[in-house]
J.: 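Below is the structure I would like to discuss, written out as structure tokens.
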Amino acid sequence: MLSILQSIWHVFLHTFQKRVTVQYPEEKPYLAPRYRGRIILSRDPDGGERCVACYLCAVACPVSCIALQATEDEHGRRYPEFFRINFSRCIYCGYCEEACPTYAIQLTPDFEMGEFHRQNLVYEKEDLLINGPGKYPGYNYWRVAGVQIGGKNKGQAEHEVAPVDIHSLLP
Amino acid sequence: MTSPYPMLSVLGIFLGALTIAAWLIWLERRLLALWQDRYGPNRVGPFGLLQVVADGIKIFMKEDWVPPFADKPVFILAPAIIVVTVLMSFAVLPVAPGILISDLNIGLLFVLALSSLGVYSVVLAGWSSNNKYALLGGMRAAAQMISYEVFMGLSLMGVVLLAGSFSLPTIVEAQRDLWFVIPQFLGFVLFLIAGLAETRRTPFDLPEAESELVAGYHSEYSGMKFGMFFVGEYLGVTLISAMITVLFFGGWLGPVLPPIVWFLLKTFFFIALFILLRGALPRPRFDQLMSWGWKVMLPLALVNLVVTGAVVLAWR
């Protein structure tokens, strides 16, 4: 009997306690910089697309929500002809970001992507591409990779040693 | 004692009771939220007050479906009974001097009789639904309400003995010197518990028991028929709170403020207490409920009645 009265009293004391509800649309929650939300495609510091259309993200994706088609420009740079993420399937696991060799695909702390039509959740490349390098400001894949493209020969990449001339006998 | 404009007070009490009952849904959700450290509905209108209106519009738009296996006339009648019986009890409720529909000299008995009739609603709803869970809920309701009604009536007889009348305005006037809650504290506690059981509110909500019986007797109901059970339940809460105020806490009596404000304040206090009890207490097992009613509450009510009778006899 006493314990019943006690529990009534304790519940009553909650009148004076702070409420735990976050009034969401007015009061935004804190999202960590590494929060896994909407997926973007980032660019090099000089403005070129980072994505080299290697398909690793599409392979890593557990729900197969990424579709892309590789192609090459006149300089020999690979890039995706189209890049499509179906966000109605995406589970925001971040495996695509982990798989990406060029830091192109990244997850951002934004989750407010509600739509009235499901079709609007399919994002094309122009929806995904942002005008910036995202989380890796200084990184430029084509500048550090040892791949030869138009305007950059072998040995011209950063920290790359000039290739050995195997036809010369000099040490 | 009755009002000079009878129709006006009929309309006032009728609309007042229905409005209070409707907004109790909002109040209950807000208060429960407060005691659970949440906010509750606070989006529709100021403080979420228009939530009731939104819910009302929604519930009227719902499909009004009668299951093909149900006993149709009884199924439709059942939700109406509870609202009608509870609303009729308001006819004898003295809100303030002059605001009273009918000063019956057996007012208290009238209320008790109508609250007994209210059981039919629940039992018939459970029976006509032709559904195991609904039937179980209806049977529990019948057993619970009949056993708690016995000492509900007995717990009030102390008040009747002290006031010397069954008429509710006379009972209020008899408390001008001392509220009956002091000489009749045991009676008050017993009536509070019995009232909870009569309105089937949470510690005694075994007829509904969401966690075991789906929704008990109103499992098969939808749309406004379902809504009627809730209007009936909240009307019942209002009525029992008002009855506690009238019988034990001096009704409209109080200093400074006008009588109707005192009445509403006291009633609101007990409504809030009902909601607090719902927020704090778990549901007992059914056999615990029954043995409590018959083995503890009933003897206590009898002892209360006998002692009060002896004291009143010795006093006069």
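Sequence lines set the chain letters: A, B, ... in the order given, protein chains first and strands last, and positions in each chain run from 1.
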J.: Can you tell me if A/E112 has over 12 outside heavy atoms packed within less than 6.0 Å of its CD?
T.: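 Count over threshold, so yes.
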J.: Looking at every heavy atom in both B/N42 and A/Q23, which two are closest together, and how far apart are they?
T.: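 Minimum heavy-atom separation between B/N42 and A/Q23: ND2-NE2, 2.7 Å.
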J.: Kindly give the heavy-atom pair with the smallest separation between B/R38 and A/T21, and that separation in Å.
T.: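 Looking at all heavy atoms of both residues, the shortest contact is CA-OG1, 3.4 Å.
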J.: Which atoms of A/Q6 come close to chain B, meaning under 4.5 Å heavy atom to heavy atom: side chain ones, backbone ones, both, or neither?
T.: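 Neither part, no heavy atoms under 4.5 Å.
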J.: Got a sec: does the CZ of A/F111 have more than 12 other heavy atoms crowding it under 6.0 Å?
T.: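 Enclosed.
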J.: Is B/L34 close to chain A through its backbone or its side chain, or both, or neither, when contacts mean heavy atoms under 4.5 Å?
T.: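 Both the backbone and the side chain of B/L34 come within 4.5 Å of chain A.
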J.: Take atom CZ in B/F60; do more than 12 heavy atoms of anything else shown fall under 6.0 Å from it?
T.: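 Result for CZ/B/F60: open.
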J.: Where do B/A280 and A/I8 come nearest, in terms of heavy atoms and distance?
T.: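 Heavy atoms only, the tightest pair is CB-CA, 3.8 Å.
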J.: Does OH in A/Y139 sit with more than 12 non-hydrogen atoms of other residues, nucleotides or ligands closer than 6.0 Å?
T.: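 Above 12, so yes.
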J.: Tell me the closest heavy-atom pair linking B/W35 and A/F12, and the distance in Å.
T.: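 Nearest pair, atom of B/W35 first, then A/F12: NE1-O, 3.8 Å.
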J.: Please report the interatomic distance CG(A/L5) to CG(B/L281), rounded to the nearest 0.5 Å.
T.: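 Reported value, rounded in 0.5 Å steps: 9.0 Å.
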J.: When you look at CZ of B/F47, are more than 12 heavy atoms from neighbouring residues, nucleotides or ligands closer to it than 6.0 Å?
T.: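 Open.
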J.: If you count every heavy atom of other residues, nucleotides or ligands that lies below 6.0 Å from A/K28 atom NZ, does the total exceed 12?
T.: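 Yes, enclosed.
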J.: Side-chain contact, heavy-atom cut-off 4.5 Å: B/Q36 with A/Q17?
T.: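 Result no, sub-4.5 Å side-chain heavy-atom pair not found.
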